[in-house]
Structures are given as C-alpha cells and as structure tokens.
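Note on naming: letters A, B, ... go to the chains in the order of the sequence lines (proteins, then strands), and numbering restarts at 1 for each one.
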Amino acid sequence: MPLDENIYELRREKLKQIEALGQRTYPNRYDYTHTVAQILGTYSEKTAQQLEESRVNVRVAGRIMANRLMGKAGFAHLQQDGQRLQIYVKKDAVGEKGFELYRLLDLGDHIGVSGYLFRTRTGELTVHVEEITFLSKDLLPLPEKWHGLTDVELRYRQRYVDLVMNPEVREVFLKRSKLVQSFRRTMDAHGFIEVETPMMQPIAGGAVAKPFKTHHNALDVDLFLRIAPELYLKRLTVGGLDRVYEINRNFRNEGLGWRWNPEFTMLEFYQAYADFRDIMDLTQKLIEQAAQDVNGTKKSKWGEEEIDWSGSNWRRMTMREAIIQFWPEKAGAKPEMSEFGSHDSVRALVARFNAAGKHMAYDPSEPAGKTIAGLFEAVAEEHLLQPTIVYEFPVAVSPLSKKKAEEPDWVERFEIFAGQMELSNGFSELNDPEDQRERFEEQLKERARGDEEAHQMDEDYIRALSYGMPPTGGCGVGVDRLAMLLTNSQTIRDVILFPLLRPEKAGGSDQAENPEPK
RNA sequence: GGGCGCGUAGCUCAAUUGGCAGAGCAACUGACUCUUAAUCAGUAGGUUGAAGGUUCGAUUCCUUCCGCGCUCACCA
C-alpha cells in the first residue's frame, strides 16, 4: 500500500477516535470571537503583564501548521487567512479528553480553540487553550514543512496546497484582486458602466487570433469562444452607452509561454467623443493608479530591474520613431522616415536587419505595413522596460482603427509596453461603416493569402456602425500581464490561479491523486 | 513542432570510475507540562518515470516512449 493511502487510512481511523471522544467530525460552524489577524493586530503590542492584568478571552479557529508536543503539554500554530498564531495546550487546562483530542490531531487539521491570551517566556503572543473543538480533518499529508511545495507542476495543479503552504503565492493573488478593484474604481470614477458581452460568439472578431470552437446543441450552431469583446462593446456605444467597460476572459487558441495563457483577462473600455490621445491619457492614469493601489508605491521590482510607473517616467514615441531609435548599430545607418513609405524600402530594411545577425520572419507577399509592425517588434520591443506608449500603427495590421487624417497608411492606434511586454492596445475607433467594410475586405484577402487569423467579415457589426457610432476611443489592458509586472512574477502562470495544463492521466499508478479507499 | 535540461521514499535532496539505494523532514511507537525547523530513543516506508539494450553487475552507459521545466518559432 502506498504511504499516502496508508496515511489516509490512518487518519480516517483517528477521525473515528476523535468522534468517540464526543466531537463532531465535520461540524457545520464555529462561533469565534476573533480572527487570527484580529488577535495579532489588536494584541501584538500588549506586554505579558498587560495581558495578565486584564485577561483577554478569545475563541479562534485555524489550520494546524506546526505542532510541538511535549508529553503533557504542547505548542501548535494555527494558520488562518495566511497568518499564524501560536496556541499552548496543557493537559491541566484542557482536561483528559481535551488532551486526548489534542494528541489525535494532525498537521493540516482545522480546529477552533477557546482560551486566553498570554506571552510565552520567549515573548510570543499565544492562546492558553482551555477548550479545543475539532472542525475538519486533513486526510492527506501536507508537504514537508521546511521546503514546502516547490514542484512547479504540483503547485499549479494543486493550487489549494500551494496557497496553504506558500504565503507569497497568497500575496500575489491578493495583489491581483487589488489590481482589478483599482481598475473598477478608476473606471467607475470616470463614469463608465460595467457590462458583460457574449463570450460565445458566432464570429470571433475584434482581434487577430485563432479562436476555440464549440457547439450549441439546441440551436445546432457552431460558436466560438471570444477572442475579444471589442465589437460587442462598440455596438453598445452605437446604442448610446457612451462609457462602457468589461473585465473578463478572452480565449485564444494558441501557444503557451511565459506571457501567454490560452485564457486571459482583459479590461476593455470605450469612451464616446474621445480619440486615441484622450484614451492614452486615461489608460496611463489608470495603470499609474493601479500600481499605486497594488503596492502602495509607483515603483515595482521586475527581476533585476525596477519599473517606475509615475507619470513623469512614461515615454511616448511613434512606431516609426521607436524603430529608428532602437535600430541596432550592427544593422548600419538608422532608417529614414521615408524608408517606411514603400514596399521595396521596407523590404530593404528587413534585409539589413536580418543581415546583422538578427532574425525576423518575413513573408515578401505581405503588405508593407505588416512588415513594419513585425520590424517594430523585432527591433524595439526588448528595449521597452519602462512604461512606453508607442503610437501610430500601420493600417494593414489595424482593421478596426481610424486612419490618421494626413497619412492614410497609418492609424490612430497606440500600444503600451512595459517590462518588454505589450500591456495594452487602444485606438480611435473606426466608425465609418463603408471604410470598415473595405478593411474587412482587405482582411479577407489576407485570409485568402493564408493568414488564418485575419479578421472575418461581420455584417451585423457593419450594420450597427451604419446606424451611426459617435466618435469613440477604446482600449484593452491585459490584466494578467500587468499583474505579473506588479507582483514581479516572471511567468503568467504565477498570476493565474489555475493555469491551463495538460490533464492528468486518469487513475492507475499515481495513487497520490486517487486516495479514496477501496 | 525544434533545441536544451530534469524525473530516486509522501516532501526536499544525496549516492565516488558501472559495484550492497541513503539522509533530513513528514508518518508510526515510546520519553518529555514554555516549545517554535522542539529534543531524545526506536520502527516502517523504494518496480530509482516506463519499456528494451550493453554488461558478471545499471540510479549511473545506449535506444525508444511518457511526464515536466526552460527556450525558439506563431500569438497579447
């Protein structure tokens, strides 16, 4: 019999003995007077003498994370909400039965204790226990106390154990929660309303990505998990909801990596009567505020580096300026603005770049704008550590943005970069239905050329625009990636509670996963 | 999908040139009424990821497979 199963059986046996002592094995509730955090917060300054003079009685619950039994007395630590409080159990104080119960407890069990606070000789605030109430059994052993759970895969698969064992993991997700709260606060304060739009869509639009496909039986139609909420949110601005936002998941059927999970969370918002510059300003403020709210400071550690989210530290440059500025020396003279103008000159830039020992994938039949965008990613992205707004994108990669009045090959679009990652993408929304139809048609040509991710025609969206959408600016902000940056997490899996993993093999040899008795 | 690396007790890790698979913690038994990685004495726990090969002998070398991590390409 594997040890785990052995322990499981053994602990079930203990559970029966606990029941025999008159305890309920899985009681429904426990009346406590304090949480662990409240006790630590309120009494950690009190001296031993003060606690002795005016006795503080408490009832408090938690999970046993350490136990040091010494014959007829013992110390244990209760963990609740990530904080630990020591308890002292003495046979004289809890009686025969109480002490028998204490001896039957295992690491990981939940108990409630009532007693009074005191300080031990070493000065630690401790509950002098007078009564123990059994609350719930841990039948499977927790990981070793000193090293804890370090196996990366197990940490993701059994996040519940990870959360019990690793306080810093708990901290990351508390910060993520603060980040989302901060976003909501900022959006609400600016008069935005939160909405929810379809996640199952007949046409997966609003972004460039491969969708997941699913099927609805009753209607007998194929549907796609959304790759973006964009087109639905903009339909709402047509409908007169002038400021809307949504915080929710998008799904993209693509590779996994340190900054990619197939489902990821975006804040996306639209504001009527605003253009991309207004949206830039708002998004910058939104992120600056989030950094402050999450960490209490606008500076955050990122590996060996530090990112400063203060407004004064943000840079802005056009995509073409960024390519020029970060052009590698090895690739010769920096490009001239005019060299972005024609298919041939762009192609020559790629040739120069690749000749310098770099490698950039390039399809000569693709539109020049697409190549420029690729060039930007290859040349500049790795240099964008501090928050940077890169604006003016090629129309060829921006089927939903409004063109720049004086340069119709370029659109009023921006992306925010930090920590070498794209964090955010926004633009002046294209609201001319005829232009939109032409853009979709261009995308269909790209599709025909073999680009599976090119945008599809969406007739209803064009119909919506045909009813008149006010001038509008919009933006999406990647919540997971910002959470990474604000918690110094080097992989997206560390900011997603249950990241996508290959499913575990069912049953069989891995008894640790199937401890149920036969 | 390509490249690199890893897989040994429940957990964290050892094992010399290919030569009897080990330690700490967790578990179990016992001692101990102020400990905090409690201590002390003892016990148990292994198909070394799987299959095959080389060898007198494989945790160690070779092949294949499985799983995981990192990385590159596509993607935000």
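Separating the CG atom of A/Leu105 from the C1' atom of B/A27 is a distance of 16 Å, rounded to the nearest angstrom. Between the CD atom of A/Glu153 and the P atom of B/G7 there is a distance of 15 Å, rounded to whole Å. The interatomic distance linking A/Glu52 (CD) with B/C34 (P) rounds to 17 Å, in whole Å. Counting to the nearest Å, the C1' atom of B/A76 and the CG atom of A/Asn248 are 16 Å from each other. Atom CG of A/Asn67 is separated from atom C1' of B/A26 by 13 Å (rounded to the nearest Å). When rounded to the nearest whole Å, the span between CD of A/Glu96 and P of B/U33 equals 14 Å. Distance CE (A/Met65) to P (B/A26): 13 Å, rounded to an integer number of Å. Rounded to a whole Å, the CG atom of A/Leu10 is 15 Å from the P atom of B/G10.
Remark: A/Lys14 is in phosphate contact with B/C28, judged by side-chain N or O atoms under 4.0 Å from OP1 or OP2. Listed pair A/Arg493 / B/G69 meets the phosphate criterion, a side-chain N or O lying under 4.0 Å from OP1 or OP2. Note on A/Arg68: every side-chain N or O is 4.0 Å or more away from OP1 and OP2 of B/U35.
Both A/Asp92 and A/Asp106 sit near RNA chain B, but only A/Asp106 has its closest nucleotide nearer the 5' end.
Base pairing of B/U60: no nucleotide in any strand meets the Watson-Crick or G-U wobble criterion (both distances under 3.5 Å). Across all strands shown, B/C34 forms no Watson-Crick or G-U wobble pair with both distances under 3.5 Å. Under the Watson-Crick and G-U wobble criteria, each requiring two contacts below 3.5 Å, nucleotide B/A23 is paired to B/U12. Partner assigned to B/G46 is none, using Watson-Crick or G-U wobble distances below 3.5 angstrom. When both pairing distances are held under 3.5 Å, B/G1 makes a Watson-Crick or G-U pair with B/C72.
Nucleic acid contact class of A/Asp451 (heavy atoms, under 4.0 Å, all strands): none. Contact annotation for A/Phe118: base contact, defined as any heavy-atom pair under 4.0 Å involving a base atom. Note on A/Lys91: nothing from the nucleic acid sits closer than 4.0 angstrom, heavy atoms only. Within the nucleic acid shown, A/Glu453 comes within 4.0 Å of sugar-phosphate atoms alone, with no base atom in reach, counting heavy atoms only.
Closest to the side chain of A/Pro143, from the set B/C11, B/U33, B/U35, is B/C11. For A/Leu69, counting side-chain heavy atoms from C-beta on, the closest listed nucleotide (B/C32, B/C34, B/U33) is B/C32. Side-chain proximity of A/Arg157 to B/U35, B/A76, B/C68: nearest is B/C68. The listed nucleotides are B/U12, B/C75, B/A76; the one nearest the side chain of A/Glu422 is B/A76. Comparing B/C11, B/U33, B/U12 by their nearest atom to the side chain of A/Met70 picks out B/U33. Each of B/C75, B/A27, B/C34 was ranked by its minimum atom distance to the side chain of A/Arg121; first place goes to B/C34. Listed nucleotides: B/U33, B/G69, B/A76. Nearest to the side chain of A/Phe264: B/A76.
Heavy-atom neighbours of A/Arg184 CZ from other residues, nucleotides or ligands within 6.0 Å: above the threshold of 12.
Between A/Leu179 and the options A/Thr487, A/Val294, A/Val495, a side chain to side chain contact (heavy atoms under 4.5 Å, CB included) holds for only A/Val294.
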Residues A/Asp480, A/Arg259; criterion salt bridge (charged side-chain N to carboxylate O under 4.0 Å, His left out); working and verdict = CA-CA 9 Å; A/Asp480 314 270; A/Arg259 36 185 172 166; over 6 Å; no

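A gap of 38 Å separates the P atoms of B/C74 and B/A50, to the nearest Å. Nucleotides B/C40 and B/G49 are separated by 38 Å at their C1' atoms, to the nearest Å. Taking the P atom of each, B/U8 and B/C13 are spaced 10 Å apart, rounded to whole Å. When the C1' atom is used for both B/G18 and B/G42, the distance is 36 Å, rounded to whole Å. Comparing B/A41 with B/G5, their C1' atoms sit 43 Å apart, to the nearest whole Å. Nucleotides B/A15 and B/G30 place their P atoms 37 Å apart, quoted to the nearest Å. Across B/C66 and B/G52, the matching C1' atoms stand 15 Å from one another, rounded to whole Å.
A/Asn488 places a side-chain N or O within 3.5 Å of a backbone atom of A/Gly303 that can act as its donor or acceptor partner. Side-chain atoms of A/Arg413 do not come within 3.5 Å of backbone N or O of A/Phe427 as any donor-acceptor pair.
Within 3.5 Å, a donor on the side chain of A/Arg481 pairs with an acceptor on the base of B/A76, or the reverse. Side chain A/Glu124 to base B/U35: no donor-acceptor pair is found below 3.5 Å.
Here the closest heavy-atom approach between residue A/Ile307 and residue A/Pro387 is recorded as CG2-CD, 3.7 Å.
A/Trp410 is not listed as a side-chain neighbour of A/Thr318, based on a closest heavy-atom distance of 4.5 Å or more.
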